[in-house]
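The structure appears below as structure tokens.
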Number of protein chains: 2
Amino acid sequence: MSDLLERLRGRGWRMTSQRRVVAEVLNGDHVHLTADEVHARAARRLPEISRATVYNTLGELVSLGEVIEVSTDGRAKRYDPNAHHPHQHLVCSNCGTIRDVHPRGNPLADLPAEERFGFTVSEAEVTYRGLCPSCA
Amino acid sequence: MSDLLERLRGRGWRMTSQRRVVAEVLNGDHVHLTADEVHARAARRLPEISRATVYNTLGELVSLGEVIEVSTDGRAKRYDPNAHHPHQHLVCSNCGTIRDVHPRGNPLADLPAEERFGFTVSEAEVTYRGLCPSCA
DNA sequence: ATCCTACGATGGACAGAATCCAAGTCAAGA
DNA sequence: TCTTGACTTGGATTCTGTCCATCGTAGGAT
């Protein structure tokens, strides 16, 4: 999605080579990279890029709603650029592979009022776990 | 749940004072402590207990299926002893408070076969997010 | 085209969470 | 009571992420 760069520019983002490279690395479907993986790939195109910049840029993309932060395993967070199509995640308990999936219905609707305890519930995040074909 | 100790002994656990104390700390409903919190509470009863032992014991309880590991915020994992009654979690996006909740239906059933990509799906973990009454 | 300046990048220090490891201790069976 | 292998210890280490003072530069102003 290269209109990402357009959208960011439209939001007043100062366009630097670092930000451009990070945005380009996060491109395509079923991308779920850790910050370190993003840094490694970005560094292939821009060797001097620092980890701090990658963390900063990812954080900004998340607050802008362009990227979703996913922590499926209590280890490093992963960054999912597929932010404009609601979806959930299916994770292999063995190898960690992640797939985007689309369950039926709206998970939020399954939480009855009497189970909300006065919370203003705004989001439901579902992680399906199991073994992928290669690991089964 | 003090039959926990019985069950563990039945499974061939060597019963040490450290393990006993950790199991006792994880007692009751709506308990969602971090490893460090478990360590702090355990240390009130057994001052010399080390963090490594707490981590080891928690890890064992998790593999035995007696405790569930919950990572709702990308920070420290939390340990939930309510492992024998299926439930999901409702988390305050502001203060981090966690409640056990029981959504209608079985979340697993909402993932159609054609969205499983050959995985053997065994578990669905739902995290509801929103603002708790005090933070709203 | 050049200058300015505020915003962004840098990298090294720091912090929090968890794991590892070699050495010492002890539960529980003989 | 003895023995032994499982358990505990605490300090070092790894991994993930944040902070901060300093330097660099994108892009508007001239």
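The figures that follow rest on heavy atoms only: side chains count, while hydrogens, waters and symmetry mates do not. Here is how names work: the chains are called A, B, and so on, in the same order as the sequence lines, proteins then strands, and each is numbered from 1.
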Phosphate OP1/OP2 of [N] contacted by [X] side-chain N/O (<4.0 Å):
X	N	result
B:Tyr55	C:dA18	yes
A:Thr16	C:dG8	no
B:Gln18	D:dT9	yes

Interatomic distance, [X] [atom1] vs [N] [atom2] [rounded to whole Å]:
X	N	atom1	atom2	value
B:Asp73	D:dG17	CG	C1'	13 Å
B:Leu33	C:dA17	CG	P	14 Å
B:Glu60	D:dC7	CD	P	7 Å
B:Arg51	D:dG11	CZ	P	11 Å
A:Leu8	C:dG8	CG	C1'	15 Å
B:Leu46	D:dC7	CG	P	17 Å
B:Lys77	D:dG17	NZ	P	13 Å

A:Arg41 CZ: over 12 foreign heavy atoms closer than 6.0 Å:
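Not more than 12 within 6.0 Å, no.
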For the CZ atom on B:Arg51, are there more than 12 heavy atoms of other groups (residues, nucleotides or ligands in this structure) within a distance under 6.0 Å?
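No - once you tally the heavy atoms of other residues, nucleotides and ligands closer than 6.0 Å, there are 12 at most.
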Is any NZ, NE, NH1 or NH2 atom of the basic residue among A:Glu115 and B:Arg99 found under 4.0 Å from an Asp or Glu carboxylate oxygen of the other?
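Result for this pair is no, no salt bridge flagged.
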Any base atoms under 4.0 Å from [X], or only sugar-phosphate, or nothing? Heavy atoms, all strands.
X	value
B:Arg19	sugar-phosphate
B:Thr53	base
B:Ala76	sugar-phosphate

Map B:Gly74 and A:Arg14 onto DNA chain D by nearest heavy atom, then report which one ends up closer to the 5' terminus.
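Looking at the nearest nucleotide for each, B:Gly74 comes out on the 5' side.
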Nearest nucleotide by nearest heavy atom, which residue falls closer to the 5' end of DNA chain D, A:Arg9 or A:Arg75?
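Here A:Arg75 is the residue nearer the 5' end.
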What verdict does the salt bridge (Lys or Arg N to Asp or Glu O under 4.0 Å) test give for B:Glu69 and B:Arg78, after you've listed the backbone C-alpha separation in whole Å, the side-chain angles of each residue and the deciding distance to 0.1 Å?
CA-CA 6 Å; B:Glu69 213 172 52; B:Arg78 296 184 169 271; over 6 Å; no
With nearest nucleotide decided by heavy atoms, which residue, B:Met15 or B:Asn56, maps closer to the 5′ end of DNA chain C?
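By nearest-heavy-atom nucleotide position, the 5'-most residue is B:Asn56.
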A:His89 vs A:Asp80, test: side chain to side chain donor-acceptor pair (under 3.5 Å). Steps then yes/no.
CA-CA 10 Å; A:His89 293 110; A:Asp80 180 348; 2.9 Å; yes
